[in-house]
Amino acid sequence: MATKKTAAASRKKFLAKVRDRLQDTKAKLLDEIESELRAEREGNKDEGMDTYDLASEERDREINFILSDRERNKIKQVDDALERIEDASYGVCESCGLEIAEERLDAMPFTRLCRDCQQEQEREARTQRRFDDERNTYRKLGSTDADEENV
Ligand SMILES: [Zn+2]
């Protein structure tokens, strides 16, 4: 028979496990990005820095920036989750305030909604999309200038 106290303790243990996993994920991501950047730098060296002017060097930096954008987003997600573990808001549904099931958090460590609220939200999104589609159809019929505000 699980008392409330042991349930809280097992939740705490679970969250510690999640934190370890997230920190591990982050370390791997940082490793990947670093080796990518190193490969880029070495690539530049091979082509001979003296033929490169400052402008193209800056352009390379910009390309690096774009290349690692996806990874940066991933790291941000991990950081957000770690922060939420620290302030004890992690694993609590943002919509209904109930604890999110551990199996769900295992499968989707970044989720902020419990399954019920997620399904509810997806249903609403589908309804909204249908509504937008209809509105777009009317708009296309009504005017010729195609704006892209709904893309
Ligand atoms: Zn919920």
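Numbering of ligands and ligand atoms starts at 1, following listing order. As the structure is a computational prediction, the values presented were derived from the model and not from experiment.
- Counting non-hydrogen atoms of other residues, nucleotides and ligands closer than 6.0 Å to CZ of Arg11 gives a total above 12.
- Contact check for Leu98 versus Cys114: no side-chain heavy atoms found under the 4.5 Å cut-off.
- Scanning for side-chain hydrogen bond (donor to acceptor under 3.5 Å, both in side chains) contacts around Gln23 gives an empty result, with sequence neighbours left out.
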Determine, stepwise, if the pair Gln118 / Glu122 fulfils side-chain hydrogen bond (donor to acceptor under 3.5 Å, both in side chains). CA-CA 6 Å; Gln118 175 93 43; Glu122 275 165 14; 3.2 Å; yes
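- With sequence neighbours excluded, the residues satisfying side-chain hydrogen bond (donor to acceptor under 3.5 Å, both in side chains) with Lys28 are Asp24.
- Asp20 pairs by the side-chain hydrogen bond (donor to acceptor under 3.5 Å, both in side chains) definition with nothing, not counting sequence neighbours.
- Protein atoms that are N, O or S and lie under 2.8 Å from the Zn ion (ligand 1) are these: Cys93 SG, Cys96 SG, Cys114 SG, Cys117 SG.
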